[in-house]
Amino acid sequence: MLTFGTAILCVVLLAKWVSAAPAVVSFAPGSSASVPTSSEASTAFASASSAVSSAFASGTSAASSASSALAHTKSSTPSSTPSSTGSAEPASATVPFASDDPNGILWSEDSTSNPEPIRDTLGASIMGPQNVPIALQNPDLLAPPTTDEGSVQNAKWPFALSHNRLQTGGWARQQNVDVMPIAQSMAGVNMRLEPGAIRELHWHKTAEWSYVIKGSVQVTAINSDGQNYLGTASAGDLWYFPPGIPHSLQATDDDPDGTEFLLVFDDGAFSEDSTFLLTDWLAHVPKEVLAKNFKTNISAFDHIPSRQLYIFPSAPPPDDAKAVSDPQGTVPSPFVFKLSQVKATELDGGSVKVVDSTTFPVSQAIAVAEVTVEPGAMRELHWHPTQDEWTYYLEGQGRVTLFASSSNARTFNYDAGDVGFVPASFGHYVENTGNSTLRFLEIFNTDRYQDISLNQWLALTPPDLVKAHLDLDDETIARLSKTKPVVVGPA
């Protein structure tokens with residue numbers, strides 16, 4: 001058991017230790033300079049002194065004298081002052097600073113050496129077999145950046161891995177929740193038609209949105225009021241059919257190879273194999289019923305197909321094709337939008353075109369942004385408040401990190417022909433990692449395009465509040481943009 005004299009000695013030694021110990025360091029937001037202070041050590045000592053004094057009630061006067069001496073030392077120590085760069089109160093560092101370790105892409109598809117899951121001192125070589133071409137396309141899955149953490153569902157699907165439905169006159173392949181479960185809100189189809197080939201008359205329970213990749217397509221449709229429509233969508237153009245609207249698609253011969261296009265549907269469980277087809281329906285209706293419905297002889301249906309045609313060859317439509325004369329008139333809002341003729345908004349490092357119901361009124365369920373990002377540039381850090389993003393990469397190579405909250409983040413690499421998916425509110429960016437222009441479509445299940453820019457958010461937040469979070473200096477704060485950069489050019 002400690003003696004009274006020993007307790008007094010402990011108090012005196014602790015007092016000397018406080019006066020000699022290094023100051024506790026804190027940082028002031030907005031300043032790189034450290035401000036020394038001994039207040040935290042003084043407080044700790046005062047608590048220890050009080051505990052010793054309580055244990056030896058008979059020696060309180062001596063302990064009190066020592067404590068008074070320490071209190072005098074504490075009061076004479078200069079207090080810390082706010083940084084000259086702002087009026088925010090100093091904030092103590094409660095977690096380590098973020099690492100400066102490099103996290104770039106470790107190899108490209110053109111690399112000649114075998115990729116290995118090694119980043120700096122982490123990881124080890126692969127001893128067994130590996131699919132090298134797949135590994136070369138996905139460097140950030142095999143050797144992820146150290147900023148990746150936790151778990152995020154797979155958000156990449158190459159159409160090259162989709163089963164292809166081959167038909168006389170074309171083909172079709174799809175992506176839905178069966179192959180990418182994270183994409184619950186939208187699904188996609190990549191379709192090809194030779195000149196004149198027809199995707200037969202059909203309709204869907206979902207809306208159908210399309211972007212023409214190459215060639216041109218003549219579309220026809222009618223609405224529930226009996227108003228009809230005929231139009232042509234060329235490369236870079238869009239079409240949209242609301243749910244249940246019957247329509248057809250036919251490749252023109254404007255391009256000697258025909259056409260290829262992307263289709264997007266506002267349901268992740270959509271299947272291209274489960275659409276309502278004209279020939280499929282009539283093949284499953286008794287011919288007596290058909291004759292009665294159309295008030296004709298049953299022999300009129302001697303040559304209807306016994307099963308669905310889906311895609312089949314035909315002669316190309318004439319260039320001057322017109323809609324059939326309609327006593328009800330034509331649809332009030334066209335089903336085709338000439339996006340190819342819209343001037344892009346030029347940005348620092350790229351460009352953007354946005355189309356939603358404000359410019360394409362019939363498109364009530366799908367909005368799109370067509371984005372280009374030049375080498376060394378990036379689609380800025382941002383998120384979409386309430387709508388998932390279904391992304392299609394048209395050209396180039398890109399890198400995306402998804403931030404899913406709760407310290408969950410994962411990085412994916414994309415090439416032309418790949419599908420990406422970003423759930424609503426997930427923070428992300430799109431970085432051009434290649435040597436050519438990166439071009440992609442951001443597609444949303446909504447009538448209005450929306451995004452929130454991290455740069456703009458910080459610029460429009462009180463500077464002292466930003467400094468308190470990130471310890472940014474005045475120069476960095478001043479460079480924040482009060483308008484959305486959208487695309488950020490090389491530094």
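Treat the numbers as computed from the prediction; the structure is a model and nothing was measured. Along the sequence shown, the residues carry numbers beginning at 1.
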Ignoring hydrogens, what is the shortest heavy-atom contact between Ala124 and Pro117? Give both atom names and the distance.
O-CG, 3.1 Å
Salt-bridge contact Arg410-Asp148 (side-chain N to carboxylate O under 4.0 Å):
no
Taking side chain as C-beta onward, heavy atoms only, is Phe426 less than 4.5 Å from Leu402?
yes
All side chain to side chain donor-acceptor pair (under 3.5 Å) counterparts of Thr121, not counting sequence neighbours
none
Pairwise side-chain hydrogen bond (donor to acceptor under 3.5 Å, both in side chains) hits with a residue in residues 97-106, at least two apart:
Ser99-Asp101, Asn103-Thr146
How long is the span from the CG atom in Leu347 to the CD atom in Glu380, to the nearest 0.5 Å?
9.5 Å
How many angstroms lie between atom CG of Asp267 and atom OG of Ser185, to the nearest 0.5 angstrom?
9.0 Å
Salt bridge (charged side-chain N to carboxylate O under 4.0 Å, His left out) filter on Lys156, not counting sequence neighbours, yields Asp418
Could you check Arg199 against Thr275 for side-chain hydrogen bond (donor to acceptor under 3.5 Å, both in side chains), going step by step and ending with a plain yes or no?
CA-CA 11 Å; Arg199 169 66 170 96; Thr275 56; 3.2 Å; yes
Is there side-chain contact between Phe335 and Val362, with heavy atoms separated by less than 4.5 Å?
yes
Please list, chain by chain and in numerical order, all residues satisfying side chain to side chain donor-acceptor pair (under 3.5 Å) with Thr461, sequence neighbours excluded.
none
Quick one: does any side-chain atom of Gln175 pair with a main-chain N or O of Phe159 as donor and acceptor, under 3.5 Å?
no
Excluding sequence neighbours, so at least two apart, what forms side-chain contact (heavy atoms from CB on, under 4.5 Å) with Asn114?
Gln130, Val132
Looking at residues at least two apart in the chain, or sitting in another chain, which of them share a side-chain contact (heavy atoms from CB on, under 4.5 Å) with Ile452?
Trp383, Pro385
From the list His204, His247, His202, ring pair (Phe, Tyr, Trp, His ring centres under 6.0 Å) with Phe241 holds only for His247
Apply side-chain hydrogen bond (donor to acceptor under 3.5 Å, both in side chains) to the pair Asn408 and Ser151, showing each step before the final yes or no.
CA-CA 6 Å; Asn408 292 303; Ser151 179; 5.9 Å; no
To the nearest 0.5 Å, how far apart are OG1 in Thr437 and CG in Asn432?
7.5 Å
Quick one: OG on Ser271 to CG on Asp273, what's the gap to the nearest 0.5 Å?
4.0 Å
Determine the minimum heavy-atom distance between Ala143 and Arg119, stating which atoms define it.
O-NH2, 2.9 Å
Donor-acceptor pair, distance only, cut-off 3.5 Å: does the side chain of Ser363 make one with the backbone of Phe360?
no
List in chain and number order the residues that pass ring pair (Phe, Tyr, Trp, His ring centres under 6.0 Å) with Tyr240, two or more places apart in sequence or in another chain; answer none if no residue qualifies.
none
Which atom of Ile213 lies closest to which atom of Ala235, heavy atoms considered
O-CB, 4.0 Å
Asp388 and Asn445: CA distance, side-chain angles, deciding distance, side-chain contact (heavy atoms from CB on, under 4.5 Å) verdict
CA-CA 7 Å; Asp388 300 334; Asn445 181 6; over 6 Å; no
Compare every heavy atom of Ser113 with every heavy atom of Leu136, then report the nearest pair and how far apart it is.
CD2-O, 4.3 Å
Asp348 side chain vs Gly489 backbone, donor-acceptor pair below 3.5 Å:
yes
Among Asn413, Thr401, Thr433, the one residue meeting side-chain hydrogen bond (donor to acceptor under 3.5 Å, both in side chains) with Asp140:
Asn413
Can you list the residues that meet the salt bridge (charged side-chain N to carboxylate O under 4.0 Å, His left out) rule with Glu370, with sequence neighbours excluded?
Arg439
Check whether any side-chain heavy atom of Arg399 sits under 4.5 Å from a side-chain heavy atom of Val430, and report yes or no.
no
Does a salt bridge link Asp473 with Lys467, judged by any charged N lying under 4.0 Å from a carboxylate O?
no
For a 4.5 angstrom cut-off between non-hydrogen side-chain atoms, does Glu208 reach Phe265?
yes
More than 12 heavy atoms of other groups within 6.0 Å of Asn164 CG:
yes
Before you tell me yes or no, could you show the steps for Gln137 and Tyr414 under side-chain hydrogen bond (donor to acceptor under 3.5 Å, both in side chains), namely the whole-Å CA-CA distance, both residues' side-chain angles and the distance that decides it to 0.1 Å?
CA-CA 8 Å; Gln137 291 179 11; Tyr414 296 94; over 6 Å; no
Please enumerate all residues that pass side-chain contact (heavy atoms from CB on, under 4.5 Å) together with Glu442, with sequence neighbours excluded.
Ala369, Val371, Arg379, His382, His384, Glu389, Phe440, Phe444, Tyr449
Pairwise side-chain contact, Leu394 with Leu441, heavy-atom cut-off 4.5 Å (strictly under):
yes
Heavy-atom closest pair (Ile311 atom, Gly169 atom, distance to 0.1 Å) is CG2-C, 3.9 Å
Show which side-chain atoms of residues 255-263 pair as donor or acceptor with protein atoms under 3.5 Å away, not counting sequence neighbours.
from: Asp255; atom 1: OD1; to: Lys214; atom 2: NZ; distance (Å): 3.4
from: Asp255; atom 1: OD1; to: Asp257; atom 2: N; distance (Å): 2.8
from: Asp255; atom 1: OD2; to: Lys214; atom 2: NZ; distance (Å): 2.6
from: Thr259; atom 1: OG1; to: Lys214; atom 2: O; distance (Å): 2.8
from: Glu260; atom 1: OE2; to: Asn190; atom 2: ND2; distance (Å): 3.1

Under the side-chain contact (heavy atoms from CB on, under 4.5 Å) rule, collect the residues that match up with Ser351, sequence neighbours excluded.
Ala344, Glu346, Thr372
I'd like to check Thr391 versus Phe421 (side-chain heavy atoms, cut-off strictly below 4.5 Å). Are they in contact?
no
Can you establish whether the number of heavy atoms outside Trp203 located under 6.0 Å from its atom CH2 is more than 12?
yes
For the residue pair Gln167 / Arg165, report whether a side-chain donor-acceptor contact shorter than 3.5 Å exists.
yes
His163 side, atom NE2; Leu161 side, atom CG - distance, nearest 0.5 Å:
13.0 Å
Are Phe337 and Val342 packed together at the side-chain level, in the sense that at least one heavy-atom pair is separated by less than 4.5 angstrom?
yes
Can you name the nearest heavy-atom pair linking Gly236 to Leu339, along with the distance?
O-CB, 3.1 Å
List for me each residue that meets side chain to side chain donor-acceptor pair (under 3.5 Å) alongside Asp415, sequence neighbours excluded, and say none if there are none.
Gln397
What do the steps show when you test Ser162 against Trp157 for side-chain hydrogen bond (donor to acceptor under 3.5 Å, both in side chains), and what is the final call?
CA-CA 8 Å; Ser162 293; Trp157 182 259; 2.8 Å; yes
Residue pair Lys484 / Asp451, side-chain heavy-atom distance below 4.5 Å:
yes
Atom pair CH2/CG of Trp171 and Leu193 - distance to nearest 0.5 Å:
9.5 Å
Keeping Asp237 on the side-chain end and Ser340 on the backbone end, is there a donor-acceptor pair under 3.5 Å?
yes
